[in-house]
Each structure stands twice: as structure tokens, then as C-alpha cells.
Undergrad: 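Please read through the structure below; I'll follow up with questions.
Remember, predicted model here, so these are calculated numbers, not experimental data. Quick note on labels: first sequence line is chain A, next is B, and so on, each numbered from 1.
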Number of protein chains: 2
Amino acid sequence: MNTNITLRDIAKALNLSISTVSRALTDSYQIGEKTKQEVLAYAKEHHYVPNRMARGLKEGKSRSIGVVVCSIDNNFMAQMLDGIDQYCSEHDYQLIMMQSKELFEQEKANVNLLYAGGIDGLLICPSYQTTDFSYLINLQESGLPVVLFDRLSNHIDTHKVAVDNFKGAYEATQHLINNGYHAIAHLNWNTQLSTATERFEGYKKALKDAGIPFNNDWVKFCDTSNAATLDEELETAIGELMALKQVPRAIFTATDLLSTKCLEILRKCGHRIPEDIALVGFSNTDLAEVLNPSLSTIRQPSLEIGRLAAKQLLSLISDRRATEHFETILLPTELQVRASSQKSK
Amino acid sequence: MNTNITLRDIAKALNLSISTVSRALTDSYQIGEKTKQEVLAYAKEHHYVPNRMARGLKEGKSRSIGVVVCSIDNNFMAQMLDGIDQYCSEHDYQLIMMQSKELFEQEKANVNLLYAGGIDGLLICPSYQTTDFSYLINLQESGLPVVLFDRLSNHIDTHKVAVDNFKGAYEATQHLINNGYHAIAHLNWNTQLSTATERFEGYKKALKDAGIPFNNDWVKFCDTSNAATLDEELETAIGELMALKQVPRAIFTATDLLSTKCLEILRKCGHRIPEDIALVGFSNTDLAEVLNPSLSTIRQPSLEIGRLAAKQLLSLISDRRATEHFETILLPTELQVRASSQKSK
DNA sequence: CTGTTAGCGCCTTCAG
DNA sequence: CTGAAGGCGCTAACAG
């Protein structure tokens, strides 16, 4: 704990009362200009800075928000955190971060700890296991502003910020179709979260609009939360796809990790991309251009998601009446075409 | 702010005094077993959790630490943060994160804000601009435990955790030499931080030990902090290298960003890797294997750096006498050989 | 315009 | 073994 000077120190030194000093530092009215300047000068000279905990205790708020993410060790998440941090810094809010590591129990524990710690609001990207949002709803009802980002759910009513996953997936699939690929497989992950389901829906809709019948054999769901088993699981999935009577000529992968892993495994198994099989994935890696082959991606405005989520939360904190009309913001994705989805010959 | 129940609520409900309840929840002695159980049961049932700010104010500590990083939007940093978070979670410390964005002034502002907020300790990876550590030393002298990680400096005496950059660079260079490359260029960044200088020294020593004369034309320093100008700067640097009379046959790049960017630019300019020019870089990207060509890297134990740094800090916090013997921990790097540095023919 | 007072929730003497 | 009282640093009535 720090040993900063306090209001009392200033008061004593200047022969004033504590509250006068306090006013000089916060109010602008109800204080003599001269004493105010004196206090300000002394405070500055001695690097006075208010004790956040004392102020928090008094005011019932801490000017800090909690952020619970599934895992920080992930490009896309780091970019969103960057955006969150930007907005919070600009508005003098501190950011307390915790990871759920995709575990529901861990997530609950984190949230409770943050709540106990006195955060003014919570930003959360739920774990892939999370289907029960009642614990969040409870906190929300006891007055904690909550904003969901990236991964949304209909089970809780609040501000939400993410991208238009349906449209992004639709465009990815459409792009493949336009480039001559009709037999398009789809790799997704086994969760109930909107990110997954909507991308699946977008994929199906694009096929339908192009008059391509949906083939359930072409769709595989993997457990991306377990790094240890993912490689094997993916290898099996891809193996099964390539062994089908009607072999797919392209794959649309629904997550960042699946996209790069899939590229890796396809190459490892000797499949040429895009000659044997084309690939378009959701990914925010900065290295898409340098991959082998360069990877066509659906890119999400990660920084903006973070900034907006933080903005929504802070507005909720400063004006609780905003509770009346929650909104869901869906930002557009961007299709970046590269070698992995080049026109079929 | 939350509306949790307080000691007073419990006291009132159980017809006890606040201090008795407090004791039941903290002490183990000086309290009747029966009342203790009563209190514990009631507290549990009503999800009592102590108000962190009140306790912090009282005890003069917050059970939170500040972490100032240059930028979170970076694989390697995210991995270290992951490690820090792991250790802190395990020991019930909260983690308040801020970014300096490689700006010294920003870094100072962040640290001061964190200090004012009542952190119990500070973990910092200094900005590349930072050469003046006096502001940190001041805080340290007023009692704030500080631990440096990743980027170290001799200008401040405290616990430090990073990798053995000298050795890592030495091994990278030696590896190139062993594979038949003798004309080895070196790309580094323009900072005084240890990460840069030691890698440069390791490079020079490896050349020397192999009897290869050091050639200053082969060394370029770039400003990696400015994403906008880096591409151009790197392109120029590489252009100059390739236009030398004695054209280098390999490059050893000293940072993560330089390594992948360099690969990108070499390819863009039509240089074949490793046929025209080989490449080994410091990088922690998980995609090294899937790059084109796959990138030989010096990998750092990022998670472990984070965990150890956090551990050192917490030990400093709990035992200030530890101040007497500060230590610098240098973890080993790992050379991962891939296509970009294959044997010269 | 300024000082006094009370209290945020918790812990810790000091008395019973 | 338990209760009462004081104070951490700050803000916000309430009085002058």
C-alpha cells in the first residue's frame, strides 16, 4: 500500500480544515479562489492523489470495471481487450481482468470475486460452456451493470456488442460459391453460443440461396476448448470429410483457432490448398497474409468491439435509467480474399 | 457498486455485535465455537463476502497488483499476462492492467494512477522509450514492491524476470553458422532495453567465436513501435542489405514483430527463403509452423516468465525484508528449427 | 466561504 | 468469550 499524502496532511500544512481542502480539490464553487489556488499548488507540489479505496468506500463505487474473458492467450481477444482498455483509460476507469479458461465454474467464481471487490460494472465474454446465465441475471438485478461482448446469449437481457456473425458467415460461404466451389464443408465448435450458431445459420442460408442442398455430412463440430485433443479431433474430422463419397471442395471454418489449425492439418495431410480444397475462415491473425498459402479470412473489427462494449458499460454505469432499452450492436465483418480461396479451375 | 450484505447485517440478524461477527469470520481463537458456526452458516447462506475496499482501506492493502505492459495486442505479451493471471488467481490477488503503448509519459501516468489506486505491488514491462527509471525508484523507496519482467534495466535494483537473451541470440546465430551461413545480417530495434542490446551482443559473440568478422553494414535498427512507418522502414533496411557488395545470406531478427514482418517483406520483394536468404527470428507465434516458409524461431517460455514475475512480486509483498537480496532470473530460450533456416547448399 | 460532524465497512485495541 | 469504541481517507450534509 502506498504512503501518499492525504487530505489531512494538506489541511494541517495549510492550516485549513479537511473539508475545505476536499472542496478545493473537487468542487469549483463554494470555495474562495485564493485558498483554492493554495491548496491546488500544495497538492500538486506534493503529488497528492486521492486514495481510491477511501473514495470508493465512501461513494459506493470504485471507478473500476471487471472484465471476464474466456482466455487472453488469443489474438482476437487481446485485440478486444486493447479496445476495452483504450476506452476505459480515456474515461479514467480501471480494468480488472480475469480469465475463465472456458470453464463455467471458473467464470462464476471470477464474477463473484469481482463483484465482491466492488466493481462498478462487468464486461463479459462467456465461456463456451455457459448456458445458464441466471447467476449473471441475479447480479444484474442487484444493480450490477453487465455488458456481453463477442459471445452473446438470449438468456440475458442487457447491452450486447459483437459482429454480425450470420452475415459474415453468409458472405464467406457466398464467396466460395462465387469462386466455383459448391461442395462446401463447415467446421464449427460445439457450443450453444451465438457466435457458433449464427455462423452455422449463415452458412446454411448462403447454400440455400444458391440452390445448393445442405448436406449434414459436411458439417463437423469440434471441441476447441481443449488444446490437447483438438489436433487429433480435427484430424479425424477432416479425414472423415475427405473420405466422403461426395468429397467437399472447400471448407468454411467458424473460429480463429479452427481456421489456422485446419490449414495446418490440411497441409500436414498433403492436401493442396486451394487446388484440392479451398479454405475461408474467421480469423483475426495479422499473419494471414504470410501463411502458406495466404489465408482468406472473415475479419472482425476487434478493437471496435472492445471500445463499444466498454462504452456501453460506462454509459450504463453513469445512467442506470438506460436500463430501459437495452440494445444489441452488431458490427459488420470484412471479407479478406487471399490465396486459400482462389477461383476453382 | 454492489449491494452485498455487511458485517452489520449479519450482526443484526444474529443479535451479535459486529466485532464478534468479524472475529468469527477471520479469527479462529477467541470465539465460541457455537457462535462461530452460527455466523459462518449465516454468512454462507447469504453469500457474505467482505467489501474489498473497506478492508483495503483499513489494512492499507488491496490484494491487487498493477500490471503495466507496453501493449497487450501481441502474442508474446498476452502469453506472459496469462502466466501472471494464473499465479495471481491462485493466490487471490486481483490484476489491474494498463498499457503504455510504448510511450514513456503514458507509462508514468499509468504507474502513478495505479499507485494512487492502492495497488500492493507493480509488475512492469517498460516501454521502449524508457531510459529514466527514477520515477519507479521513487515509488520503490516509498515502499511499493516493483518487479520488472521481459524487458530489464540496470538502472533499477529489484527482482527481474526475463529470458537469457544473450544466449538465445547466440544460439540463433550459431545455428545459422552451423547450417552454412556466414554472411549473417541482424535486424534489431532502436532501444536501450536489455532485450535489444543483449541479443545484439549474442549475435556478435557468436560471429566472433566462429571467426567471422563483424560487419556493421549488416546490422539495422528499426523503430518497431510505430506500426505505420515500420513496413516502409523495414523495406528500406532490407533493400539496403540486399544491395550491399557483400550480400548477406541470412538474417537474424531480434523481435517477434520484426521476424514476421521481415518474412512478409522478403517474400513480397521476391526473395526466396532460405534459398536466397535464410531467416531465424525471436518469435512466440503459434503459427510459425504454418508460415510460408515455416519460420525457425527462438521461443521464449512466456507463460513461465509471467508466472515467475508474479511469484517474485507476491513474495516481495508478503515479506518486505526480501528487499535485501534482489535477484534476476533468466530463463532459457528454445531454438525451434524449421524451413526458413535450412542448410545452405 | 469555511469548519464540524457523521459515516461508508471493516478490523483491532480495550474493557467487561 | 463478547461488546463498545475508534479510525483508515474521503465526501456530504449541516451549521456557522
Side-chain angles (χ1 to χ4, degrees), chain A residues 1-40 42-43 46-64 92 115-120 142-143, chain B residues 1-40 42-43 46-64 113 115-120 142-143:
Chain A
M1 179 53 184
N2 62 56
T3 53
N4 270 322
I5 75 169
T6 73
L7 289 187
R8 175 155 65 223
D9 297 331
I10 303 184
K12 205 173 290 173
L14 265 45
N15 240 320
L16 292 168
S17 78
I18 294 181
S19 47
T20 302
V21 176
S22 172
R23 269 191 287 260
L25 260 20
T26 53
D27 289 348
S28 40
Y29 76 115
Q30 273 211 346
I31 180 86
E33 189 58 28
K34 202 183 106 214
T35 40
K36 183 169 164 184
Q37 291 310 325
E38 265 178 36
V39 171
L40 253 39
Y42 188 93
H46 292 262
H47 304 105
Y48 169 77
V49 2
N51 179 310
R52 207 152 174 139
M53 285 186 295
R55 181 184 274 177
L57 181 58
K58 176 66 189 177
E59 298 196 324
K61 49 180 52 192
S62 60
R63 269 197 109 67
S64 69
D92 192 25
Y115 182 60
I119 53 169
D120 294 345
S142 32
Chain B
M1 179 55 184
N2 63 54
T3 53
N4 270 323
I5 76 170
T6 73
L7 288 187
R8 176 155 65 222
D9 298 331
I10 303 184
K12 205 172 292 174
L14 265 45
N15 240 321
L16 291 168
S17 78
I18 294 181
S19 44
T20 302
V21 176
S22 172
R23 270 190 286 259
L25 259 20
T26 53
D27 289 348
S28 39
Y29 74 116
Q30 274 213 343
I31 180 86
E33 189 59 30
K34 202 183 106 214
T35 41
K36 183 169 163 184
Q37 290 312 325
E38 264 178 37
V39 171
L40 253 38
Y42 188 91
H46 293 263
H47 304 104
Y48 169 77
V49 2
N51 179 310
R52 205 149 175 144
M53 286 186 294
R55 180 183 276 177
L57 181 59
K58 177 69 188 174
E59 298 193 327
K61 48 180 54 193
S62 59
R63 269 197 110 69
S64 68
L113 223 58
Y115 183 59
I119 52 169
D120 294 346
S142 34

Undergrad: Rounded to whole Å, please give me the gap between CG in B/Leu14 and C1' in D/dG3.
TA: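 Result: 15 Å.
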Undergrad: Side chain to side chain contact (heavy atoms under 4.5 Å, CB included) for A/Leu16 and A/Val39? Distances and angles first, verdict last.
TA: CA-CA 9 Å; A/Leu16 292 168; A/Val39 171; 3.7 Å; yes
Undergrad: Does B/Tyr42 have any ring pair (Phe, Tyr, Trp, His ring centres under 6.0 Å) partners at least two apart in sequence or in another chain, and if so, which?
TA: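 For B/Tyr42, the residues satisfying ring pair (Phe, Tyr, Trp, His ring centres under 6.0 Å) (neighbours in sequence not counted) are B/His46.
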Undergrad: Using whole Å, what does the distance between atom C1' of nucleotide D/dT11 and atom CZ of A/Arg52 come to?
TA: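 Value for this atom pair: 16 Å.
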Undergrad: Just jot down the side-chain hydrogen bond (donor to acceptor under 3.5 Å, both in side chains) partners of B/Gln37, sequence neighbours excluded, or say none.
TA: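 Partners of B/Gln37 by the side-chain hydrogen bond (donor to acceptor under 3.5 Å, both in side chains) criterion, ordered by chain and then number, come out as B/Glu33.
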Undergrad: To the nearest 0.5 angstrom, please state how far the CG atom of A/Asp120 sits from the OG atom of A/Ser62.
TA: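 Output value for this atom pair is 4.0 Å.
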Undergrad: Show each protein N/O and nucleotides 7-9 of chain D N/O combination with a separation under 3.5 Å, one pair to a line.
TA:
{"residue": "D/dG7", "atom": "N2", "partner": "B/Lys58", "partner atom": "NZ", "Å": "3.0"}
{"residue": "D/dC8", "atom": "OP1", "partner": "A/Arg8", "partner atom": "NH2", "Å": "3.2"}
{"residue": "D/dG9", "atom": "N2", "partner": "A/Ala54", "partner atom": "O", "Å": "3.3"}

Undergrad: For the helix from C/dC1-D/dG16 to C/dG16-D/dC1, what is the angle between the axes at its two ends, each from 5 pairs, rounded to 10°?
TA: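 The two end axes of the helix from C/dC1-D/dG16 to C/dG16-D/dC1 meet at 50°.
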Undergrad: For B/Leu25 and D/dT2, give me the distance from atom CG to atom C1', rounded to whole Å.
TA: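 It is 16 Å, rounded to the nearest whole Å.
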Undergrad: Check side-chain hydrogen bond (donor to acceptor under 3.5 Å, both in side chains) between A/Thr35 and all other residues, then give those that pass, not counting sequence neighbours.
TA: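 Partners of A/Thr35 by the side-chain hydrogen bond (donor to acceptor under 3.5 Å, both in side chains) criterion come out as none, since no residue qualifies.
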Undergrad: Between P on D/dC1 and CD on B/Glu38, what's the gap in Å once rounded to a whole number?
TA: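 For the pair B/Glu38 CD and D/dC1 P, the rounded distance is 15 Å.
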Undergrad: Donor-acceptor check, side chain of A/Arg63 to backbone of A/Asp92, threshold 3.5 angstrom: yes or no?
TA: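 It does hold such a pair.
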Undergrad: Taking side-chain contact (heavy atoms from CB on, under 4.5 Å) as the test, write out the residues that go with A/Thr6, two or more places apart.
TA: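 Once residues adjacent in sequence are excluded, the partners of A/Thr6 under the side-chain contact (heavy atoms from CB on, under 4.5 Å) criterion are A/Arg8, A/Asp9.
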Undergrad: Is there a side-chain contact between A/Leu7 and A/Leu25 (heavy atoms, below 4.5 Å)?
TA: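 The answer is yes, as the side chains (C-beta and beyond) meet within the 4.5 Å cut-off.
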Undergrad: Tell me every residue that passes salt bridge (charged side-chain N to carboxylate O under 4.0 Å, His left out) with A/Arg55, counting only those two or more places apart in sequence or in another chain.
TA: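 In terms of salt bridge (charged side-chain N to carboxylate O under 4.0 Å, His left out), with neighbours along the sequence ignored, A/Arg55 is linked to no residue.
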Undergrad: Could you list all N or O pairs between the protein and nucleotides 1-3 of chain C that sit under 3.5 Å apart?
TA:
{"residue": "C/dT2", "atom": "OP1", "partner": "A/Thr35", "partner atom": "OG1", "Å": "3.3"}
{"residue": "C/dT2", "atom": "OP2", "partner": "A/Gly32", "partner atom": "N", "Å": "2.6"}
{"residue": "C/dT2", "atom": "OP2", "partner": "A/Thr35", "partner atom": "OG1", "Å": "2.9"}
{"residue": "C/dG3", "atom": "OP2", "partner": "A/Ser17", "partner atom": "N", "Å": "3.1"}
{"residue": "C/dG3", "atom": "OP2", "partner": "A/Ser17", "partner atom": "OG", "Å": "3.3"}
{"residue": "C/dG3", "atom": "OP2", "partner": "A/Thr20", "partner atom": "OG1", "Å": "2.5"}
{"residue": "C/dG3", "atom": "N7", "partner": "A/Ser19", "partner atom": "OG", "Å": "3.4"}
{"residue": "C/dG3", "atom": "N7", "partner": "A/Arg23", "partner atom": "NH2", "Å": "2.8"}
{"residue": "C/dG3", "atom": "O6", "partner": "A/Arg23", "partner atom": "NH1", "Å": "3.2"}
{"residue": "C/dG3", "atom": "O6", "partner": "A/Arg23", "partner atom": "NH2", "Å": "3.2"}

Undergrad: Quick one: list whatever passes side-chain contact (heavy atoms from CB on, under 4.5 Å) with A/Asn15, sequence neighbours left out.
TA: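 With sequence neighbours excluded, A/Asn15 shows a side-chain contact (heavy atoms from CB on, under 4.5 Å) to no residue whatsoever.
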